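Report on the structure given below.
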There are 2 protein chains.
Amino acid sequence: MDKRTHIINTALNTFYQKGIHSVGINEILKQANVAKKTLYNHFVSKDELICACLEVRDQRFNRWLSNQIADCATPQQVAGALFSAIARWIDNKVPELGDFNGCFFINTSAEYPEPDHPIALQCAAHKQAVLELLINTLSQTTQLQHQPTKATQMAHLLMTLKEGMICQARVTHTTNHYLQNPEFLAQLMDAQA
Amino acid sequence: MDKRTHIINTALNTFYQKGIHSVGINEILKQANVAKKTLYNHFVSKDELICACLEVRDQRFNRWLSNQIADCATPQQVAGALFSAIARWIDNKVPELGDFNGCFFINTSAEYPEPDHPIALQCAAHKQAVLELLINTLSQTTQLQHQPTKATQMAHLLMTLKEGMICQARVTHTTNHYLQNPEFLAQLMDAQA
DNA sequence: AAACAAGTAGACCGAGCTGTCTACATGCGC
DNA sequence: GCGCATGTAGACAGCTCGGTCTACTTGTTT
């Protein structure tokens, strides 16, 4: 396998589970069975490796989420698909996202408080991309295809709920089950539409 | 002033702004103008200092939030007071909580991924306390005082929205303004009641 | 005055970190 | 067969970290 990809996958996994600052380069080398020089042939620094991990995670997560909410005809269906997908992720039933440990981008951003740091910027960009995915998906439902303002408003609501759900699960190890109740969701969405 | 309190205040401020692992003991000593031995007379380790900071932050935050949503007669008012308070915090208009840098407990928890770590447990306990504050407050509104299930359900919704709002503000430096629109909130709450 | 608690200043230790460098092995194109 | 890119293994430098310890100062109690 491509060494570079192998290193990124190993690093992504370890960083996601243990955080960035807690994990040294040597630990990644050991887990990847790779020499230090090989790593530094592919990445000039730990920071660049982190950025590569964020990029891969971003692609992987967006592809997964995009599939989960595709082909939804109504906003209610989008919301239902979104929250049940997140719940499955929290419940460790989505192997491609790894053992749930919160949002990799929120976690990483918390370790890089300077807003202008490249890593922090990449985390913010991911969130923007997800929001746009939600807006686009909602805009393609029959109810909202000619109401871009409503679609944007609803996307923000879903986004905020999604972030909250993930953070709560990460910190308290609980899941907000109300967000998976179809009646609850119908009321929530009806109120907006 | 009490040295111990002074150290905690300085450490809390620095930890909140820059994260835990990024900040060394020496940096705190310098900012607090305190000798290393003094610090280690009051705290056996950095971890114990962190725990003390979490405790102070927990008290301070809960007292503040409790005041913000006290004396609300309806769930709508609770929601309105909650989100406008959070928005003010994000907007750096709440000096007692310091310059906004997300939720100290979520940030800190992200740096201690092991669920059984005392620090992680303390972060989780804080979230539980806030949830209970919301449940109690909602249970005292006229609409919900005899509907504990509804009150709990609504508290979970508000809690998830609050967490999401804070995380989004932390990562993307944007505020979900829809949550401050009274009509939006009324619809949201009506759907539940 | 003497004893003592509590503070300052900072050297120091052992450990861990990122990143460099040397020495050697392997496989592929020419 | 030879050159060269790419890999392994790991010592090493230079730094920072948490935490200990010594030496000295200050203020209070008895």
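Since the structure is predicted, the reported quantities are computational estimates derived from the model, not experimental observations.
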Heavy-atom contact window of chain A on DNA chain D, given 5' to 3' at under 4.0 Å
D:dG7 to D:dG10
Which residues pass the ring pair (Phe, Tyr, Trp, His ring centres under 6.0 Å) test with B:His6, sequence neighbours left out?
none
Please list all pairs passing the ring-ring contact (aromatic ring centres under 6.0 Å, His included) test where one or both residues lie in residues 48-69 of chain A, with sequence neighbours left out.
A:Phe61-A:Trp64, A:Phe61-A:Trp89, A:Phe61-A:His126
Interatomic distance where OH belongs to B:Tyr40 and P belongs to C:dA11 [whole Å]
17 Å
By ring pair (Phe, Tyr, Trp, His ring centres under 6.0 Å), which residues pair with B:His173, not counting sequence neighbours?
none
In whole Å, I'd like the distance from the NZ atom of A:Lys46 to the C1' atom of C:dG19.
12 Å
Output the residues of residues 11-33 of chain B in contact with DNA chain D, where contact means a heavy atom of the residue under 4.0 Å from an atom of the strand; sort by number or write none.
B:Val23, B:Gly24, B:Ile25
With A:Thr174, which residues qualify under side-chain hydrogen bond (donor to acceptor under 3.5 Å, both in side chains), at least two apart?
A:Thr172
Throw together a table of side-chain donor-acceptor distances under 3.5 angstrom for residues 177-186 of chain B, partners on residues two or more places apart or in other chains.
from     : atom 1 : to       : atom 2 : distance (Å)
B:Asn181 : OD1    : B:Glu183 : N      : 2.9

Side-chain atoms of residues 28-40 of chain B: list all donor-acceptor pairs with protein atoms under 3.5 Å, sequence neighbours left out, distances to 0.1 Å.
from    : atom 1 : to      : atom 2 : distance (Å)
B:Gln31 : OE1    : B:Thr14 : OG1    : 3.0
B:Lys36 : NZ     : B:Asn26 : OD1    : 3.1

For residues 95-112 of chain A, which residue pairs pass the side-chain hydrogen bond (donor to acceptor under 3.5 Å, both in side chains) check, not counting sequence neighbours?
A:Asn101-A:Arg170, A:Ser109-B:Arg170
B:His6 NE2 to C:dG7 C1', in whole Å, measures 13 Å
Could you list the protein-to-nucleotides 21-27 of chain C atom pairs, N/O on both sides, closer than 3.5 Å?
none

Between B:Leu39 (CG) and C:dA6 (C1'), how many Å, whole number?
14 Å
Would B:Arg57 and B:Tyr16 count as a cation-pi pair here, with the cationic atom under 6.0 angstrom from the ring centre and within 45° of the axis?
yes
Check which hydrophobic residues are tied to A:Ile106 through side-chain heavy-atom contacts below 4.5 Å, counting indirect links as well, and list them.
B:Val171
Using a 4.5 Å cut-off between side-chain heavy atoms of Ile, Leu, Val, Met, Phe, Trp and Tyr, which other residues end up in the same hydrophobic cluster as B:Val44?
none
